[in-house]
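The structure appears below as C-alpha cells.
Heavy-atom basis, side chains included; hydrogens, waters and symmetry copies ignored.
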Amino acid sequence: MELYKENQLKIYNSLTKSKELFKPVIEGRIGMYVCGPTVYSNAHLGNVRTFMFFDVVYRYLLHLGYKVRYVRNITDAGHLENDADEGEDRIAKKARLEEIEPMEVVQRYTVDFHNVLNNYNFLPPSIEPTATGHIVEQIEMIKEIMEKGFAYEVNGSVYFDVLKYNETGNYGILSGRKIEDAIHNTRALDGQSDKRNPQDFALWKKADERHIMRWPSPWSDGFPGWHLECSVMSTKYLGEQFDIHGGGMDLKFPHHECEIAQSQTCSGVKPVNYWMHTNMLLLNSQKMAKSTGNFILPNEILTGENNILGKPFSASVVRFFNMQANYRSILDFSGEALEAAEKGHAKLMEAVDFLGKIEAGTTSTFDVQKWKQDCYDAMNDDFNTPILISHLFEAVKVINQIKEGKASLTTDDLEVFKNTINAFVFDVLGLMNETSEGNSSDKLSGVVEMLISMRKEARENKDWALSDEIRDRLLELGIQLKDGREGTTFTVN
C-alpha cells in the first residue's frame with residue numbers, strides 16, 4: 001500500500017491562512033507549480049531557499065508514493081524592472097549593457113541556475129517550460145480574457161480590468177489587500193495614462209523601437225506581461241485546477257494575485273487548491289538583495305571565494321542549515337550559524353556511517369515504531385523539517401548508546417531503523433554524506449585507520465606515550481578518536 005494512504009498530510013494554505021488536510025484533485029496524483037527564476041543574473045542564496053524547500057516537498061510527496069508532476073518555469077522574457085508594467089525588460093537591459101544577444105543572457109544564467117541546483121542535490125522538475133516557448137498560448141489567453149470582457153486594448157497594449165473582475169471576483173483574495181487600498185497605494189508612473197484604472201496590469205505591452213525582445217500579436221509587436229506566463233504554463237501542464245502552487249512570499253502580491261484573476265476569468269474555477277509561500281532569508285540580520293549588495297551566491301559558499309564566510313562549506317551543510325528552520329519563518333544566514341549547522345551535520349553523518357556496523361541484539365531498548373511515526377508526523381505537519389531533524393537527532397543518541405553498549409535493537413527493529421533514517425536523511429531532506437564520498441575521504445579514512453591500528457599495538461605493548469601522542473596529534477588536526485566496546489572510531493571536526 002502506498003504510504004500516502006496511511007499518512008494524513010496537512011498544508012498551510014496561504015489562501016485560507018490555515019492548515020488544511022491535503023486532498024489532491026485526483027487521488028494518487030499531484031500537480032505542483034513553482035515560480036522559477038528570471039534568468040538575467042545569478043540566483044542568490046535567498047532565491048535558492050525557496051527552490052530548496054520545494055525540492056524537499058517534491059521529494060516527500062514522491063516518498064509517500066504520489067505520482068507528481070512538478071512544473072517550475074524559466075522566465076526568459078517580459079519581466080520589467082518593477083511591478084507597475086513600466087521600465088525596461090531586465091534581460092534586454094543586461095543584453096544592452098554587455099552588448100550581447102538577449103538569448104545569450106538567458107542561456108548563461110539558465111546554465112548557471114542548473115549548475116547551482118545540481119551542486120546542491122536538487123531533483124529536476126518534471127517539466128521546466130519557458131516564457132518564450134509559450135508566446136502563442138499567452139496570446140490566445142489574452143484573446144479569451146478580452147472576449148469575456150475583462151481586458152481592453154489601448155495603443156497596442158492590453159490591460160486586465162481589475163475593477164471589472166472585482167465585480168464578480170475577489171482581487172486581493174490571496175494577499176488580503178482591498179481594492180481601495182490598491183488604488184490608494186498605486187504610484188503615478190509615466191505611461192500609466194493608458195490604463196483605465198491605476199491598478200490594472202498589463203497582459204501585453206507594445207514594444208518601443210529600442211525594445212529588443214518582441215513578438216507579433218493582433219495588437220502590436222510587443223511582449224507579454226510578467227504575470228501571464230505562469231497562468232498559461234500552469235494550466236497547460238496541470239489543468240484548469242491543480243493542487244499546489246508555490247513561490248516566495250514576495251510573489252504573493254501582485255504576481256500570484258494576478259495569476260488567480262487571469263486563470264479564474266478563463267476557467268471559471270479557482271485555479272489552485274493550496275498556495276504555499278516561503279519566507280525570506282536574511283544575511284547577517286539584513287534582507288538579502290542584489291540591489292543593496294547584501295547577498296551571497298550559492299557557489300561562493302562552496303568555494304569560499306566571498307567576503308562573508310571564513311571558509312568554504314559543503315552543499316549538504318547548507319541544505320541542513322536551511323532545513324533547521326520552518327519554511328514560513330525568517331531565516332538569518334551567517335558564518336556562525338553555518339558553522340553550528342556544520343557541527344550538527346557532522347554528528348548526524350557520523351551516526352549514519354555507524355549504522356552499517358550495528359549488529360542486532362536480542363531485545364529492543366528503543367521504541368522504533370513510535371519514533372518512525374514521529375518522523376512522519378513531523379513532515380505531515382506542513383513539512384515541518386525542524387521537528388523532523390530533532391527526531392533524527394533522537395536517533396543519533398540511540399546510535400551512540402548502541403555504540404557504547406548501552407542500547408540494542410532486534411533484527412526487525414534495526415531494519416526499520418536503518419531504512420527510516422536513510423529515507424529521511426537522503427531521500428527526503430536530500431542531504432549528502434560527503435565524509436564517506438570521494439577518493440580523498442577514502443584515503444583519509446585509510447590513514448586514520450592505520451594510525452588507530454598503530455595506537456592499538458602501542459597500547460598492547462603498554463607504550464602509553466606513543467598511544468597518547470597518536471591520539472593528541474590527531475586531535476590537533478581535528479580528528480577525534482573514540483574508544484568503545486566495539487573498538488576505536490573517529491570523527492572529523
#### Entry: Steps toward side-chain contact (heavy atoms from CB on, under 4.5 Å) verdict (T38, Y109)
CA-CA 9 Å; T38 302; Y109 294 111; over 6 Å; no
Non-neighbouring partners of [X] that pass side chain to side chain donor-acceptor pair (under 3.5 Å), sequence neighbours left out:
| X | value |
| --- | --- |
| H63 | Y376 |
| K19 | D381 |
| K17 | none |
| Q373 | D377 |

### Task
Kindly state whether the ring of Y120 and the ring of F51 have centres lying under 6.0 angstrom apart.
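Not under 6.0 Å, so no.
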### Query
Can you name the residues that form a salt bridge (charged side-chain N to carboxylate O under 4.0 Å, His left out) with K372, not counting sequence neighbours?
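Expected list: none.
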### Task
Tell me, please, which residues at least two apart from E342 pass salt bridge (charged side-chain N to carboxylate O under 4.0 Å, His left out).
K311
Can you tell if the side chain of [X] reaches within under 4.5 Å of the side chain of [Y], non-hydrogen atoms only?
| X | Y | result |
| --- | --- | --- |
| F383 | V56 | no |
| Q324 | L331 | no |
| I212 | F223 | no |
| P254 | H227 | yes |
| W275 | K252 | no |
| F122 | V48 | yes |
| T385 | M379 | yes |
| V106 | M103 | yes |

Are the side chain of [X] and the backbone N or O of [Y] linked by a donor-acceptor pair below 3.5 Å?
| X | Y | value |
| --- | --- | --- |
| T278 | T50 | no |
| R49 | N322 | no |
| S334 | N284 | no |
| N380 | N7 | no |
| Q286 | N294 | no |

Report yes or no: do [X] and [Y] form a side-chain donor-acceptor pair below 3.5 Å?
| X | Y | value |
| --- | --- | --- |
| N119 | N299 | yes |
| T16 | S18 | yes |
| D55 | Y70 | no |

#### Entry: Pair listing, salt bridge (Lys or Arg N to Asp or Glu O under 4.0 Å) test, anchored in residues 321-330, at least two apart
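Non-adjacent pairs meeting salt bridge (Lys or Arg N to Asp or Glu O under 4.0 Å): R328-D382.
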#### Entry: Where at least one partner belongs to residues 113-134, residue pairs that pass salt bridge (Lys or Arg N to Asp or Glu O under 4.0 Å), sequence neighbours excluded
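Non-adjacent pairs meeting salt bridge (Lys or Arg N to Asp or Glu O under 4.0 Å): R72-E128.
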#### Entry: Interatomic distance, L15 atom CG to I173 atom CD1 [nearest 0.5 angstrom]
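Atom-to-atom, L15:CG and I173:CD1 are 5.0 Å apart.
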### Task
Assess whether salt bridge (Lys or Arg N to Asp or Glu O under 4.0 Å) is satisfied between R108 and D112, documenting all intermediate values.
CA-CA 6 Å; R108 175 190 302 171; D112 177 77; over 6 Å; no
Could you tell me which residues satisfy side-chain contact (heavy atoms from CB on, under 4.5 Å) with [X], sequence neighbours excluded, listed by chain and number?
| X | result |
| --- | --- |
| P24 | F22, I30, Y66, D243 |
| I127 | R69, V71, P129, Y237 |
| D427 | A423 |

Heavy-atom closest contact ([X] atom, [Y] atom, distance):
| X | Y | result |
| --- | --- | --- |
| S467 | A458 | N-CB, 4.1 Å |
| I91 | P102 | CG2-O, 3.6 Å |
| L302 | A315 | CD2-N, 3.4 Å |

### Query
Should we count CD of E98 as having more than 12 external heavy atoms under 6.0 Å?
yes
#### Entry: Parallel, tilted or perpendicular, as decided by the 30° and 60° cut-offs, for the rings of W371 and F417
tilted
### Query
Going by the ring pair (Phe, Tyr, Trp, His ring centres under 6.0 Å) test, which pairs reach into residues 314-336, not counting sequence neighbours?
F53-Y327, F320-H345, F321-F333
